[in-house]
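Data first, discussion second: the structure below is written as structure tokens.
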Amino acid sequence: MDDNWGETTTAVTGTSDHSLSQEDLAGFGKETEGPVEKLNCVRFLPLVLTLVLGLLVLVTPLAFLVLPQLVWPERLQACGTACEGLFLSLAFKLLILLLAGWALFVRPVRASLPRIAVFRALLGLLTLLLLLSYWLFFGVRILDSQDENYQGIVQFAVSLVDALLFIHYLAVVLLEIRHLQPYFSVCVVRSTDGETRHYNLGQLSIQRAALEILEHYYKDFTIHNPALLTAAKTRAAKHLAGLKVYNVDGAGSDAATSQSRAKIAAAARQRDTSHNELYYEEAEHDRRVRKRRARLVVAVEEAFTHVRRLKEEEIKKPPGDEMDPREAAQAIFPSMARALQKYLRTTRQQHCHSMDSIQAHLAFCITNNMTPKAFLESYLNAGPTLQYGREGWQARQWTLVSEASVTSPLRHGTEFHLKSSDFCLVVTSKSIPHLKLSEEYVHPKSHKFVLQLQSETSV
Amino acid sequence: MSYIPGQPVSVVVQRIEIQKLRDGDNLILGFSIGGGIDQDSNQNPFSEDKTDKGIYVTRVSKGGPAEVAGLRIGDKIMQVNGWDMTMVTHDQARKKLTKKNEDVVRLLVTRRSLEDVVRQSMMQQPTH
């Protein structure tokens with residue numbers, strides 16, 4: 001385990017976040033063939049290593065207790081109540097350790113990060129070192145010399161379990177608690193439309209910070225809609241399309257830069273009326289959207305009046321025409337379908353919602369007694385990516401682009417990108433300043449008031 | 001009429017003697033006062049210095065004893081029958097003016113125009 005295991009592990013692209021660093025313990029051989037079989041095998045490797053280590057942790061103290069009984073039973077001194085107390089405490093501590101280890105380490109894999117998690121690596125290493133040193137001591141001092149003091153051996157085993165519990169405490173503090181205190185404020189900007197959010201993060205490495213930010217992204221940022229960006233692109237194309245540069249004096253070596261400068265200068269001088277077009281086009285678009293929206297709201301409200309929930313007593317003696325929510329949704333959907341479709345087309349959202357999803361949402365709203373306004377809310381305002389069902393997620397593969405190493409901790413002024421197929425999230429971090437709070441004591445009886453008068457008395 | 005708190009005030013005053021008029025059971029003087037150390041001096045429309053908490057004449061009823069005696073609206077009352085009026089509460093001022101056993105009140109009042117007149121007359125006088 002030397003200082004170049006960082007380099008070898010970069011070849012592994014599928015390493016999950018929940019790994020203990022048993023990668024390097026399992027040997028470097030596995031890492032070099034990583035990229036080829038980077039699918040499910042490598043994803044579950046850390047979990048397997050965790051389980052192996054857990055098994056070792058369980059077996060070792062029991063082995064310490066059982067081996068002397070097996071190897072030299074007749075020479076062991078019998079020990080009475082003290083030993084029984086120690087057995088009990090050992091059993092419970094081991095149970096607690098196993099439960100705590102299960103709670104902390106055996107969890108579904110959250111994500112695949114580009115490099116290994118440094119803290120987990122260190123903790124796994126520490127645990128293994130502890131076990132090795134205890135086995136060493138056991139082998140040399142107890143097995144070889146066949147110690148007769150059984151109570152001493154039991155205390156030895158109990159001390160191992162205590163040490164393991166403390167390592168677990170260290171794991172909880174390093175992995176779960178340390179990054180809870182907010183230390184940095186990161187600003188996340190989406191490159192295509194500039195939507196910005198700010199989050200508070202604790203002291204994390206860059207890859208873990210990126211993971212947290214992505215988890216927030218799916219629930220906070222509105223869904224990326226490429227159809228809304230085409231207007232800006234066509235305008236940008238029109239700006240420079242009308243100008244062509246002809247080089248009259250013969251080809252020069254710096255032709256490119258002088259051409260682009262000439263273009264910029266000419267474009268600036270041109271009397272540009274495209275802002276006028278933009279203004280009227282946007283005004284027209286707003287008007288159209290508002291009209292369609294008004295028609296949609298009226299249609300939906302009318303549709304909802306046709307459906308009524310059956311009361312308890314009416315269910316028992318059915319009027320004969322009852323429907324479950326899905327059928328009710330299908331029945332009232334046609335009356336609002338046209339208005340909804342036109343509205344979605346005007347706001348360019350039609351690819352986010354399929355017929356099935358709309359009908360499912362309608363059935364959901366009917367089941368839960370929602371008002372028409374509640375039903376329409378998800379179509380009138382763009383919601384976060386999570387709202388649109390799996391097919392709308394568009395990207396589960398993200399690339400972390402960073403100048404600093406991704407396992408280095410976050411610092412003031414760190415910048416990195418999270419690239420997805422269509423767009424990019426640009427993240428900058430600033431540290432939260434040291435706040436100084438001072439106190440000012442206010443005596444409860446110090447709130448006294450006088451009236452401001454200006455009276456006039458006649459004498 | 002501006003003053004510095006803690007320093008003696010030096011103003012030109014006019015002596016005004018008002019005979020109280022008996023109206024049934026009351027003795028009235030025919031003017032209204034405003035101001036006082038317990039009042040809000042910022043709202044005083046007659047004072048030059050808005051921190052001046054003195055007693056000012058806010059209204060003079062037509063044909064009343066005060067108008068006859070020469071009291072004008074906006075005058076600042078400095079003394080009433082020898083009692084100081086520059087550092088009193090509104091109610092104390094009212095009491096000093098409406099004592100039932102007095103028929104006559106002798107006021108010392110000051111106003112801006114008095115200062116101007118004195119200054120002008122001093123300037124017109126050839127220096128001796």
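Taking all atoms of both residues into account, the shortest heavy-atom contact from S455(A) to H90(B) is O-CE1, 3.1 Å.
The number of heavy-atom neighbours closer than 6.0 Å to CD of E403(A), taken from other residues, nucleotides and ligands shown, is 12 or below. For Y183(A), the OH atom sits in a loose shell: 12 or fewer heavy atoms of surrounding residues, nucleotides or ligands are nearer than 6.0 Å. K430(A) NZ: 12 or fewer foreign heavy atoms inside a 6.0 Å radius. Within 6.0 Å of CZ in R197(A) there are more than 12 heavy atoms belonging to other residues, nucleotides or ligands.
Here S32(B) is the residue among S41(B), A66(B), S32(B) with the most heavy-atom pairs under 4.5 Å with chain A.
When heavy atoms are compared at a cutoff of 4.5 Å, T58(B) approaches chain A by way of both its backbone and its side chain. With a 4.5 Å cut-off on non-hydrogen atoms, I33(B) touches chain A through its backbone and its side chain both.
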